[in-house]
Amino acid sequence: MEQKYIPKSSLKAWLAKVKDGGKQIYAPVTEGGKTSFRRVKSVDDISMEHVQTAQSAKGVAFPRTEKLFSYAMQPGGVALQDYDSANIPHTVVFGLHPCDAAAFKPLSGIFGWDTGDKPFGERMQRVTLVSLSCSKCDELCFCTSVDGSPGSAVGSDILLTAVGSEGYLVEIVTDRGRALTEPHAALFEAAPDVNKEELLAHVPVRFSVGAVERSLAGAFESDVWKQQSARCLGCGACAFVCPACACFDIQENPKGSASGDRIRCWDSCGFSLFTLHTSGHNPRSVQSQRWRQRLLHKFSYMPRRLSVRGCTGCGRCSRACPVDMNLWEHLSELENLKN
Amino acid sequence: MSDNIYLPYLVTIEKITQEAPGVRTLRLKFNDEALARSFEFKAGQFGEYSAFGEGESTFCIASSPTRKGYIECTFREAGRVTSALAKLEEGQTMGFRGPYGNTFPLDEWRGKNLLFVAGGIALPPMRCVIWNALDTRGSFGDVSILYGAKTVADLVYKHELKEWDERPDVRLVTTVDPGGETPEWKGEVGFVPAVLEKMNPSAENTIAIVCGPPVMIKFTFPVLDKLGFAPENIYTTLENRMKCGVGKCGRCNVGDKYVCKDGPVFSRAQLEALPAEF
């Protein structure tokens, strides 16, 4: 892997040139005390001091709402206007952590298997991920328990790692990453001789994911789901902040009675209406069944069907949870589950 | 053709049949002539039907793949989308995505007897298989159909029931729940499982296809056990809620099986291996 160094003083100049070159920058911006990914107007708005953004970066490829096509009633019929990829911007996601970069793999697994998914695929084709290693973490992070690390380059096109306070080690992982650095080579310097591991946060391994996944294989009927989810509100916040959750709803967004859009929007398996039949029957009628679905989907069904886990250990679900459900603690309980 | 899996085909309603109170069948023709000729599906598959302005609803294709040039769906007016679909008139345009899902393994059933057991609005997914079998009648042994509904008025496909009843190569038994009969009713009175037991069909070389409300299925399986049907020879369809139909939206799974991709057709043996999540 090619390595470079960029002084902090050149970083914004580089991003400004990338932006001037026609790419949008999607990066952490702090507004009202909350840091989330936004399309930035000025690179000066980018925030880099957070442990974790409130929202993940997944919206760049899987927006919270997205038009799938439009319809218009006409005399004698209906006219459809297909999804148009022409206006999807080329976007550089900057400053996402390795857990968020890694999450594009499970997302691609879900959207890409079997038939593929044009809206997701078209967006992913136009995305370059410039990630930032974690120099700090908190007690809810657990990337190292799910095969990640604060300095993992998996999923990234470029990975930056802060070297002191003056600059960044630049690891150029893919051709897409190289296309972003080569035209601006003058801004980069030779990589310093540093031990990258020493520059990273220490995220303790909280549980053995292999043991958890073995345990889950026979856990469907376990009482643990009721115990763990007794306080769950079913608010769905965990899914909305998750970088790897992909469940969605398809809805109509009418513009008057004669035309409108068919849209998809984020949804959550935690909601009681998610699986409700029109007849009133609900296969997951209580919260413990929905909590079970959430964990089994991520740690059992996805690994089995798509060969990828639906969790990268970012800890956002635990930070967002209004009743303090801590995902890695719950997973640790499952590790020792006696079926 | 679009590579956007969410873009429906436009279809025109050729014919509407009021089957029962609140239940209608729409015969749909693809607006695109080439597609109308080339469209193929197999018995058991389903689709997403669009009422533009309201959204999509999931139903099986109720017509047989042997009947070319159109597809049919039968649905009960129950929610927002089905109410909108029920307001559409002949000649109007709606949308269809599909065909999705797996199929009844009719090829494997060649030479076998077929026993259909259906309740209420669950006859439509079976009607597709029934006509498929009857249109290729020589491929199968005896064909028996047991169909029950709450009341005489609730029986769907009344004209076709008459047609099946008159065919010498079909054994049809119809029943209504106690209290649902009319003075003219000549069929059975009783719940489907009890009538099935009375029918006493032979399990030998026979496939049972069972579709109905969960309570009917629950009480029909033990009767089939008693009659000697092995779990591998009993088939049904699951109807979990769906949005995408293509294994992405995350709703319809039962354990790690997606009803939209691995189903909707399951043998009872397959169902027994699944967690109780349907």
Side-chain angles (χ1 to χ4, degrees), chain A residues 68-69 71-74 76-83 85 110-121 220-221 239 245-252 254 256-260 262 264 267-269 273-279 281-284 289 292-293 296-297 300-302 304-305, chain B residues 2-12 31 48 50-58 75-82 84 91-95 100 121 213-214 238-262 274-278:
Chain A
L68 300 171
F69 65 87
Y71 62 87
M73 314 301 184
Q74 292 182 334
V78 174
L80 301 183
Q81 190 177 17
D82 200 355
Y83 178 83
S85 53
I110 291 167
F111 287 114
W113 86 288
D114 197 45
T115 52
D117 182 287
K118 187 174 182 182
F120 179 84
F220 194 89
E221 301 293 348
C245 271
C247 290
F248 60 83
D249 193 4
I250 297 178
Q251 285 287 342
E252 219 79 331
S257 59
S259 66
R262 177 81 40 88
R264 78 159 152 216
D267 206 341
S268 168
C269 61
L273 299 181
F274 190 65
T275 50
L276 179 66
H277 295 201
T278 313
S279 66
H281 174 65
N282 192 344
R284 296 181 206 134
Q289 296 166 337
R292 173 177 67 193
Q293 162 65 17
L296 288 179
H297 190 208
S300 181
Y301 308 155
M302 286 180 65
R304 218 180 300 166
R305 293 202 64 137
Chain B
S2 172
D3 54 353
N4 177 8
I5 50 175
Y6 304 105
L7 185 76
Y9 302 123
L10 290 176
V11 293
T12 299
N31 288 10
E48 296 290 336
S50 279
F52 295 107
E54 293 297 345
E56 285 181 318
S57 204
T58 314
F75 59 93
R76 188 193 300 280
E77 223 179 301
R80 190 159 47 92
V81 176
T82 47
Q92 285 196 294
T93 307
M94 52 181 272
Y100 296 140
I121 188 68
L238 293 185
E239 310 219 323
N240 277 9
R241 185 172 187 183
M242 296 174 192
K243 287 285 182 169
C244 72
V246 289
K248 303 188 193 300
C249 77
R251 255 171 207 70
C252 70
N253 68 298
V254 177
D256 70 351
K257 297 285 181 283
Y258 279 82
V259 174
C260 67
K261 296 301 301 184
D262 305 299
L274 293 177
E277 203 177 21
F278 49 88

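In the text below, chain A, chain B and the rest are named by the order of the sequence lines, each starting its count at 1. Remember, it's a predicted structure, so these values are computed and weren't measured experimentally.
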A/T278 and B/R76 side chains, donor-acceptor separation under 3.5 Å: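 Note: B/R76 and A/T278 side chains miss the donor-acceptor criterion.
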Which portion of [X] sits near chain A, non-hydrogen atoms under 4.5 angstrom:
X	result
B/Y6	both
B/L10	side chain
B/E239	backbone
B/P213	neither
B/E54	backbone
B/N31	neither

Residue, of B/G79, B/G255, B/C244, B/A78, that accumulates the most heavy atom pairs under 4.5 Å with chain A: B/G255
Option that, when pairs with chain A are counted at under 4.5 Å, heavy atom only, ranks first among B/C249, B/A276, B/G250: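 Answer, by heavy-atom pair count under 4.5 Å with chain A: B/C249.
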Test salt bridge (charged side-chain N to carboxylate O under 4.0 Å, His left out) applied to B/K243 and B/E56, step by step: CA-CA 8 Å; B/K243 287 285 182 169; B/E56 285 181 318; over 6 Å; no
Which atoms of [X] come close to chain B, meaning under 4.5 Å heavy atom to heavy atom: side chain ones, backbone ones, both, or neither?
X	value
A/T275	both
A/N282	neither
A/Y71	side chain
A/L296	neither
A/P254	side chain
A/M73	side chain

SB check B/D3 A/K118 (cutoff 4.0 Å): yes
Geometric class of the A/W113/B/Y258 ring pair [parallel <30°, tilted 30-60°, perpendicular >60°]: tilted
A/F69 and B/F52 aromatic ring geometry - parallel, tilted or perpendicular at 30°/60° bounds: perpendicular
